[in-house]
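Remarks on the structure that follows.
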Amino acid sequence: MSTDLLQILPDPETTELTKANRERLEEIYGRVPSVSCHCDRLGQCCELTEAEMAAEYATMYPLYAVEYWNIVDYLRANFSEDRQEELLSFTEERPERCPFLTEEGGCSIHPVRPLVCRTFGVLRREQVEVTASEHRGELPAAWVASFLFAERQTVCPHTQILEPEKTANHAYQLISFQYERDLTEIGQETDELDQDRQEVLEAATGRRTVKLWTWGGFNVAIRSPLNWMREHFKSYWESATLAE
Ligand code: SF4
Ligand code: SF4
């Protein structure tokens, strides 16, 4: 690993998720029904086609801060130093291909993949529509519209649900933003920006913390040299496609 990167990497002793927070994260992930995949090319949903790239689709869907740290811990425990350096130096926000996708179409961080990857292809189109109908009038209209917008785009006809008993609760977690509230709450307890970076972030965005961003975006906020952050962060943030 290069000396430069080592100097700016946060100390593992202080940045690892606590056991309690990891258990909370795993409990949240456990609410999502498991699926098995039966398409003709595994991993096709983890990369963009040329047409999708041109239409500005996003491959690296948002990660919550706690999910970022969970993946960092996994990399530290399971990947070679060279591979860690490669992934922790990755700063693209909309890569054509997810950096964790293997050549064979597998997910190299499968045990710690983020919520957005776990929920992809879980609900059938009719379940999306039924869930929206059931909660119209009871939940804020903006929540229902947001649920429909997101979930209609993440239906996959080639998955099989392995835990159907979890589906109704999962749909409610999505439409009521409960996953988001829970992940944000843990993220607030695992905020790892040091004081200098917090000041740069606040000056550029008016925020003290980053709740939701991309792998590349979190790498920039947490690992870029402070001089670079001071000079470039505002313009970087403004041009970020997936920053909050
Ligand atoms: S979610 Fe769908 S497209 Fe993606 S790997 Fe599974 S079956 Fe294939
Ligand atoms: S993290 Fe894994 S499952 Fe998610 S997009 Fe990347 S390769 Fe696919």
Side-chain angles (χ1 to χ4, degrees), residues 17 22 25-26 28-53 55-80 83-128 150-164 166-167 170-171 174 179-180 183 187 212-220 222 240-243:
L17 289 188
R22 191 182 309 284
L25 184 57
E26 283 168 6
I28 294 168
Y29 287 157
R31 298 176 207 162
V32 183
S34 303
V35 298
S36 57
C37 291
H38 304 277
C39 62
D40 56 6
R41 190 168 65 83
L42 291 178
Q44 59 186 283
C45 47
C46 307
E47 60 186 355
L48 298 178
T49 62
E50 274 183 31
E52 287 168 340
M53 198 73 189
E56 306 219 326
Y57 277 69
T59 306
M60 281 304 285
Y61 295 98
L63 288 174
Y64 291 88
V66 63
E67 299 187 295
Y68 175 78
W69 287 111
N70 194 37
I71 297 171
V72 169
D73 284 352
Y74 186 81
L75 299 188
R76 284 188 171 122
N78 295 284
F79 285 49
S80 70
R83 186 68 180 135
Q84 287 182 44
E85 179 175 9
E86 198 180 330
L87 287 164
L88 292 167
S89 307
F90 186 92
T91 53
E92 278 182 66
E93 291 202 70
R94 202 170 68 89
E96 203 165 335
R97 196 170 191 282
C98 173
F100 302 114
L101 183 62
T102 67
E103 290 306 317
E104 297 75 35
C107 175
S108 59
I109 56 161
H110 193 262
V112 293
R113 68 200 185 286
L115 183 77
V116 70
C117 304
R118 293 166 194 264
T119 61
F120 189 94
V122 171
L123 295 184
R124 298 279 168 262
R125 179 66 190 246
E126 58 276 16
Q127 290 171 322
V128 173
E151 295 308 311
R152 279 174 177 163
Q153 295 186 59
T154 55
V155 169
C156 175
H158 307 296
T159 54
Q160 184 185 346
I161 299 198
L162 303 176
E163 297 176 305
K166 292 184 177 178
T167 306
H170 166 65
L174 286 171
Y179 285 133
E180 169 153 347
L183 289 170
L212 186 71
W213 207 354
T214 59
W215 176 259
F218 277 115
N219 279 342
V220 163
I222 289 158
T241 52
L242 289 175

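Below, all heavy atoms of this structure are taken into account, side chains as well, without hydrogens, waters or symmetry copies. As the structure lists them, so they are numbered: ligands from 1, and atoms in each ligand from 1. Computed from a predicted model, the values in this text were never measured in an experiment.
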Query raised in the report: Hey, would you say the Y179 and H170 ring centroids sit under 6.0 Å apart?
Result: yes

Query - L87 CG to N219 CG distance, which is reported to the nearest 0.5 Å - result: 8.5 Å

Query raised in the report: How close does the nearest protein non-hydrogen atom get to atom 6 (Fe) of ligand 1, and which residue and atom is it?
Result: C37 SG, 2.4 Å

Query raised in the report: C117 heavy atoms, cut-off 4.0 Å: which ligand 2 atoms fall inside?
Result: 1 (S), 3 (S), 4 (Fe), 5 (S)

Report task. Please confirm whether the backbone N or O of L115 pairs with a side-chain atom of E67, one donor and one acceptor, at under 3.5 Å? Result -> yes

Query raised in the report: Should C156 be listed as contacting ligand 1, given a heavy-atom distance under 4.0 Å as the test?
Result: yes

Report summary line: Heavy-atom nearest pair, C37 first then L42, reads CB-CD2, 3.7 Å

Report task. For H38, counting its heavy atoms only, list the atoms of ligand 1 lying under 4.0 Å from any of them. Result -> 7 (S)

Query raised in the report: Would you call N70 and Y64 a side-chain contact if the rule is heavy atoms closer than 4.5 Å?
Result: no

Report task. Do me a favour and list the nearest non-hydrogen protein atom to atom 5 (S) of ligand 1 with residue, atom name and distance? Result -> G43 N, 3.6 Å

Query raised in the report: Within the stated cut-off of 2.8 Å, is an N/O/S atom of C45 closer than that to atom 4 (Fe) of ligand 1?
Result: yes

Query raised in the report: Going by the order shown, which atoms of ligand 2 are within less than 4.0 Å of some heavy atom of C98?
Result: 1 (S), 5 (S), 6 (Fe), 7 (S)

Query raised in the report: Do L88 and V72 have side-chain heavy atoms sitting under 4.5 Å apart?
Result: yes

**Report entry** Minimum-distance protein heavy atom relative to atom 3 (S) of ligand 1
**Finding:** Q44 CG, 3.6 Å

**Report entry** E93 side chain vs G216 backbone, donor-acceptor pair below 3.5 Å
**Finding:** no

Report task. Enumerate the atoms of ligand 1 whose separation from the nearest heavy atom of F120 is less than 4.0 angstrom. Result -> 1 (S)

Query raised in the report: Which protein heavy atom lies closest to atom 8 (Fe) of ligand 1, and at what distance to 0.1 Å?
Result: C39 SG, 2.3 Å

